[in-house]
Structures are given as structure tokens and as C-alpha cells.
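In what follows, chains are A, B, ... by sequence order, proteins preceding strands, each numbered from 1.
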2 protein chains.
Amino acid sequence: MRTEYSTRPREQITALLRKERRYLSAAEIYALLRKSRSKVALSTVYRTLGLLETKREVSQRVDEHGESTYVSCAPTHHHHAICRKCGKVEEVACEAMESFAGELRTHHGFELDDHAMEFFGRCAACK
Amino acid sequence: MRTEYSTRPREQITALLRKERRYLSAAEIYALLRKSRSKVALSTVYRTLGLLETKREVSQRVDEHGESTYVSCAPTHHHHAICRKCGKVEEVACEAMESFAGELRTHHGFELDDHAMEFFGRCAACK
DNA sequence: ATGATTTTGCTAATCGTTCGCAAATTAGGG
DNA sequence: CCCTAATTTGCGAACGATTAGCAAAATCAT
């Protein structure tokens, strides 16, 4: 039948991610849910994250220790500005990409077809 | 005495990286060296990569399977244009960063202090 | 409610990476 | 050169995050 079930663990994981809006590891999500008297297995966390990633509802990032972390975000193309203090992630659009594409073409003969960017600094609240 | 020795394994790993100029995993480096009748232990490859990373002589990137890969590059600030066909990595400067910084400040109140970018496409040779 | 199907939870397996330590290399005097 | 002290290597074991297997539980459509 190939349907997708809506279950309690999935709802809780999704809700937590939507609430936090910062990069969390599977272990952190597991720990946070466990604290709020919800018992989800770590493997379920991993599976749900994989699912959400496929649906483009979260994006994944490997942190400085090599651990995968995940944040809830829009399924459309954008980049992330990550606050170094509180971890809050903001989505930012990129219009200025043409200038880079042009630079790459003229200086390197490189035909750009995709790009990834990350910004680090202080968010409005932490500044 | 706190000196740093120059050894055969280190020279070979460094030479290989400088020759290839594409992202290689520790295992790939190990395999390539082994083929050219050089016996370096995998752990030595890892240790040397860590050393080179500290010295900013290689940069590290986690590939799509979660494996760490490394490429030889300049110690100064720049970004990488990675060819999807041959894997060749080219270093590109970024002047256009002010426009992003401005956008972040005005639209998000975000104070930018660092950024990371990657470009994907076809290099001049593969186009 | 019922039954087919999807998910979960648990545990064990996987696999890249790191560690520990004895043996081998290196650098630099004598 | 040769010796010694210090650093590296190589090997294997240990580690830790992620994945896989499978029986039991939850979900959905009828």
C-alpha cells in the first residue's frame, strides 16, 4: 500500500526540531525527548531523521566532532546563518550567486551548477 | 625537544596529496600508496592528515557517505570549486562577501564573522 | 473491531577513526 | 660515523556513531 504512517515518535521528533531551530545530534534529540517523559528509541530517532531529510524538512550538517546534526528548515534552496553563541539557525536567501558564477566562469572556466554555504557569527539577540 | 621529524611516510602522503588535488579519504590514500609499493599503516595516514590539517596544508570535507576526505590546498582563506566529473579541486577567492555580510546585517541583524562555501559543477577540462 | 502493513524498540553488527605501546626512525651532538 | 634522546611508525585492540535484523506494537482502511 506504501503509505506513510503518522506516529507519536515521529510527531514528537518533528515538533522538537521545529521548536528548537538549531542543529541537534540524534543523541541530543534522544536525550531531550527522554527528559520530557517520552520514550523513543535512538534508532527511531535516526530513522525519522533520515525520513525528514528525504522529504527535505531537515538539513544535515556534520559538526566539528564529526557528529551529524540536524535542523528543521524550509525545503527550498537557501543557506544557514548559525549563531556561535546560542546556535540559532536562520535561513538566508542568496541572490548574489550570479557574481560568483561569473567569476568562476571567467577566471577558472568552471561551469557552476550547485553550491553550499554556511555563515557563522552572532545573531541579533546575542549581539 | 619538541621538534617535528620529516619521515618517509609523511613525505609520501604529502606528495600524493599535492599531486592529486582532489578529495581523498584516508582509505584511498592508504590504497594508492600501497599500490605504489609503499607500506604505510592506515593509522599513520590518519595521523599525518591530522598533522597537515593543523598546519592548514590540507582541508577536510565529509563526503556524501559520511567519510572524511582531504585535499591539499593553500593555508590562506579561500573556497573550493569541485568538479563533479573528475573531482579536481580549484581554489577560488571570495571578494563578493561584503554583499552577503550586508544582507545578513540588514535583513537578519546577524553579525557575520566567518563563512564556508563550496561550489560544484564542471571544470574547464571536463566541460 | 479486524487484518494487512508500517513502525518501533531492542540488540547486535558495522565501519571509520582513535588509542596504546613496543619496535623502528630520526636528528644532532660527541 | 656512532650514540642517545626524542619522535614516529605499525600493529591490534578499543571506541563511538550509525545501521541492520527481527519480533512485538501501533496505525490505517475496511
Side-chain angles (χ1 to χ4, degrees), chain A residues 1-18 20 22-72 87, chain B residues 1-17 20 22-55 57-72 87:
Chain A
M1 197 182 271
R2 192 107 306 278
T3 328
E4 192 167 282
Y5 289 5
S6 151
T7 67
R8 196 125 174 292
R10 282 180 185 174
E11 278 160 15
Q12 297 186 132
I13 293 166
T14 305
L16 176 64
L17 282 166
R18 281 215 234 279
E20 291 288 340
R22 60 193 172 94
Y23 280 100
L24 296 172
S25 68
E28 285 176 308
I29 294 169
Y30 173 74
L32 285 172
L33 289 181
R34 172 159 287 237
K35 256 186 231 155
S36 53
R37 59 188 167 335
S38 311
K39 276 182 275 230
V40 249
L42 183 54
S43 51
T44 299
V45 175
Y46 275 108
R47 280 184 291 227
T48 302
L49 288 170
L51 189 68
L52 293 174
E53 220 180 331
T54 301
K55 295 164 70 183
R56 298 256 156 90
E57 289 180 21
V58 307
S59 83
Q60 190 250 42
R61 177 181 136 76
V62 178
D63 74 9
E64 52 281 0
H65 308 302
E67 242 182 294
S68 289
T69 57
Y70 308 82
V71 74
S72 167
Chain B
M1 200 184 267
R2 192 104 309 272
T3 328
E4 192 167 282
Y5 288 5
S6 152
T7 69
R8 196 122 173 292
R10 283 179 185 177
E11 278 161 13
Q12 296 187 131
I13 292 166
T14 305
L16 176 64
L17 282 167
E20 293 287 340
R22 60 196 172 91
Y23 280 99
L24 296 171
S25 69
E28 286 176 307
I29 294 169
Y30 173 74
L32 285 171
L33 289 180
R34 173 159 287 236
K35 259 188 227 153
S36 55
R37 60 186 169 337
S38 310
K39 278 183 273 222
V40 250
L42 184 55
S43 51
T44 300
V45 173
Y46 275 106
R47 280 184 290 226
T48 302
L49 287 170
L51 189 68
L52 293 174
E53 220 180 332
T54 302
K55 295 164 71 181
E57 288 179 24
V58 306
S59 83
Q60 191 249 39
R61 179 184 134 75
V62 177
D63 74 11
E64 51 282 0
H65 308 301
E67 242 183 294
S68 289
T69 57
Y70 307 83
V71 71
S72 168

What's the OH-C1' distance between A:Tyr30 and D:dG16, to the nearest Å? 15 Å

If each of B:Pro9 and A:Glu4 is mapped to the nucleotide of DNA chain C with the nearest heavy atom, which maps nearer the 5' terminus, i.e. the 5' end? A:Glu4

Got A:Ser59 and A:Tyr23 here, is their nearest side-chain heavy-atom distance under 4.5 Å? yes

Quick check on DNA chain D: between B:Arg34 and B:Arg10, whose nearest nucleotide comes earlier from the 5' end? B:Arg10

Just N and O in the side chain of B:Thr3: are any of them under 4.0 Å from OP1 or OP2 of D:dT7? no

Could you tell me the separation between the CD atom of A:Glu11 and the P atom of C:dT7, rounded to a whole number of Å? 13 Å

In whole Å, what is the span from the CG atom of A:Leu51 to the P atom of D:dT27? 16 Å

For every nucleotide of nucleotides 11-17 of chain C, 5' to 3': is a protein heavy atom under 4.0 Å from its base (B), only from its sugar-phosphate (S), or from neither (-)? -----SS

Shortest non-hydrogen pair, A:Thr48 vs A:Arg10, comes out as OG1-CG, 3.8 Å

I'd like to know if the side chain of B:Ser43 reaches the main chain of B:Ala41, judged simply by a donor and an acceptor atom lying under 3.5 Å from each other, with no hydrogens or angles considered. no

pair B:Arg22-B:Leu24: side-chain heavy atoms closer than 4.5 Å: yes

Give the rounded distance in Å between these two atoms: OH of A:Tyr5 and P of C:dT7. 7 Å

For a 4.5 angstrom cut-off between non-hydrogen side-chain atoms, does B:Leu49 reach B:Leu17? yes

Rounded distance (Å) that lies between atom P of C:dT7 and atom CZ of A:Arg47: 10 Å

In whole angstroms, the gap separating P of C:dT18 from NE2 of A:His65 amounts to 13 Å

A:Lys39 NZ to C:dT7 C1', straight-line distance once rounded to whole Å: 18 Å

Atom CG of A:Leu52 and atom P of C:dT7: how far apart are they, to the nearest Å? 12 Å

To the nearest 0.5 Å, what is the distance between CD on B:Glu4 and NZ on B:Lys55? 4.5 Å

Taking B:Arg61's backbone N and O only, do any of them form a donor-acceptor pair with B:Thr69's side chain (distance below 3.5 Å, no angle check)? yes

